[in-house]
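Single-structure report; data block below.
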Amino acid sequence: MATAKKKLVQWEPTDIKKELLKKYPTKVARRRAKQILINEAQENTTPEITANVRTIPGIITMRGCTYAGCKGVIMGPTRDIVNLVHGPIGCSFYAWLTRRNQTDAGTDGTNYIPYCFSTDMQDSDIIFGGEKKLAAAIQEIYDIFHPKAITIFATCPVGLIGDDIHTVARNMKEKLGDCNVFAFSCEGYKGVSQSAGHHIANNQVFSHMVGENNEEKAGEYKINLLGEYNIGGDGFEIDRVLRKCGITTISTFSGNSTYDQFASAHMADLSCVMCHRSINYVADMMETKFGIPWIKVNFIGAKSTAKSLRKIAEYFGDQKLIDRVEAVIAEEMPAVDAVREEVLPRTQGKTAMLFVGGSRAHHYQDLFAEMGMKTVSAGYEFAHRDDYEGRQVIPHLKVDADSRNIEELEIEADPERYAPRKTEAELKALEEKGYKFKEYDGIMPDMEAGSLVIDDLNQYEAEKLVELMKPDIFCAGIKEKFSIQKLGIPMKQLHSYDSGGPYAGFKGAVNFYKEIDRLVNSKVWSYMKAPWQESPELSATYVWE
Ligand code: CFM
């Protein structure tokens, strides 16, 4: 049993890296070595990691596919748009309500999230083409629901047989008249991970919805919240805090979002980016086309939440808002501090490992730090080098066959609606005070020297890492959950939050402190033995033994 193995107490990061690579064939080891990094400053520069490259065949990756990033991640939380999957039923079924993006169905009650829409492709559609079936499905949806929009997602076979989903969408949009229909070429194989799907989705959202509604929106301080998906109700808590501060969210991309939010996003005066990986290019496009500046925020962690609120207030620069934000922080913090101080003696000094998508492995380090816990190893499934090393590397990113696959939109200033929200002088004055626009430094500068940063961690390496370093908690997703627990280590899902949450904002921090305290101080997993370990009923040998 793994837990019984000798623990490397005085481990050196170089030894760990060597151990992780030991079993691989030379070629694989050479490639993986570039994705496993010991975090150390080299003459004031962050070391370079290889990221956003294909997973080596044979390796059991934690990643998902491009379709998952498009359909599940970006469009999944949109409640009044019907998301229709063109493909075999499995692609829909396994994407049906598996991500915990919550919604409140609004005042109009329109909510298609609980439904599962698919063209249910059969052999004959693969052979003779599925376009007619797709058009019929769109018509059927329209007749039953009359939604504001219907979006179509290509699964792998659609790309392979060459169904022209964009033409079908265009024709149906014209035919229906009052329903926006558009499609995504987000076949699972389109990119190396779900990250490609984010980009495909966001490009289409930007081209087909953003800017459609020019009605003035009420509110004094109007923002877009980009890259917040309302997992486990995170978005509800962030909304509560923002509302309390008097800040109006014009749109959220895309947690608990509506068609109109996307259509009105250009009416906001500031874009706040939560998940840099999935959406930073939208923030750039909003600025180029409409003149809306953007900043990076983080509402994971109570201190980070306070910091982000202050950053928003500073941007608007209105004393009334600045005072209000301070009052809200002063009102919210005592309850947070009380729980933090209560758990601290039990959590202080414990260690964590975080391997999640493309931003949480970074954001959640703030929450753990608030509990006195150290992140000894972390990494993303599919983030790019800028999410590790900071945005300064963007001009130097390699364009390869896979990234060339993903369209970069050419955006220009809108001739009528481009309006800089601040004058050059105002922006400069803010920057001189140390205010940072469009800046994200990535995960590595925030991690301790000597910690292990690993891109696209796989099943084998995850188990090896836990076995060697014995963290007090391991955070990842459902695919990792049970294999880690079997090693006797508490495991917290940071994609779905298991069934917990919210963890964002002030109330979220309190939830997180309590839950992590319980997890890292419970010995249940280390006491447990599988039935076959206690009393093996069957034993066997291989014929060659
Ligand atoms: Fe952004 Fe996300 Fe994440 Fe992501 Fe995701 Fe997610 Fe994630 Mo799972 S958009 S990159 S593709 S923060 S679904 S809400 S938890 S892998 S770290």
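Values reported hereafter were calculated over all heavy atoms of this structure, with side chains retained and with hydrogens, waters and symmetry mates removed. Atoms within each ligand, like the ligands themselves, are counted from 1 in listed order.
Between D386 and R391 there is no salt bridge, since no side-chain N of the basic residue sits under 4.0 Å from a carboxylate O of the acidic one. Between E461 and R32 there is a salt bridge, with a side-chain nitrogen of the basic residue lying less than 4.0 Å from a carboxylate oxygen of the acidic one.
Every atom of ligand 1 is numbered from 1 in the order shown, and the set under 4.0 Å from a heavy atom of I231 is 14 (S). Heavy-atom contacts of R360 reach the following atoms of ligand 1: 12 (S), 14 (S), 15 (S), 17 (S) (cutoff under 4.0 Å). Less than 4.0 angstrom separates some heavy atom of G357 from each of these atoms of ligand 1: 7 (Fe), 16 (S), 17 (S). Atoms of ligand 1 lying under 4.0 Å from any heavy atom of C275, numbered from 1 in the order shown and given with element: 1 (Fe), 9 (S), 10 (S), 12 (S). The atoms of ligand 1 that sit less than 4.0 Å from any heavy atom of G358 are 3 (Fe), 10 (S), 17 (S).
Of the N and O atoms on the side chains of T347 and Y513, not one donor lies less than 3.5 Å from an acceptor on the other residue. No donor-acceptor contact under 3.5 angstrom links the side chains of T61 and N458, judged on distance only. For the residue pair D269/Y221, the side-chain donor-acceptor check at 3.5 Å is not satisfied. Residues H362 and D446 have side chains that bring a donor and an acceptor to within less than 3.5 angstrom of each other.
In terms of the salt bridge (Lys or Arg N to Asp or Glu O under 4.0 Å) criterion, E314 has no residue partners (sequence neighbours excluded). Shown here are the salt bridge (Lys or Arg N to Asp or Glu O under 4.0 Å) partners of K436, two or more places apart in sequence or in another chain: E439.
Of all non-hydrogen atoms in L367 and Y503, the two that sit nearest each other are CD1-O, 3.9 Å. Of all heavy-atom pairs between S264 and I250, the closest is O-CG2, 3.4 Å.
With a heavy-atom cut-off of 4.0 Å, E381 does not touch ligand 1 at all. Counting heavy atoms closer than 4.0 Å to ligand 1, residue H198 contributes side-chain atoms (C-beta onward) but none from N, CA, C or O.
Ranking protein heavy atoms by distance to atom 4 (Fe) of ligand 1, first place goes to F382 CZ, 3.8 Å. The protein atom (non-hydrogen) at minimum distance from atom 9 (S) of ligand 1 is Y229 CE1, 3.3 Å. Closest to atom 7 (Fe) of ligand 1 among all protein heavy atoms lies H495 ND1, 3.7 Å. Summary of contacts: the protein heavy atom closest to atom 12 (S) of ligand 1 is S359 OG, 3.1 Å. For atom 13 (S) of ligand 1, the closest non-hydrogen atom of the protein is R99 NE, 3.1 Å.
Ligand 1 has no atom lying under 4.0 Å from any heavy atom of G69. For the ligand labelled ligand 1, residue H363 lies outside the 4.0 Å heavy-atom shell. Every heavy atom of Y380 sits 4.0 Å or more from the atoms of ligand 1.
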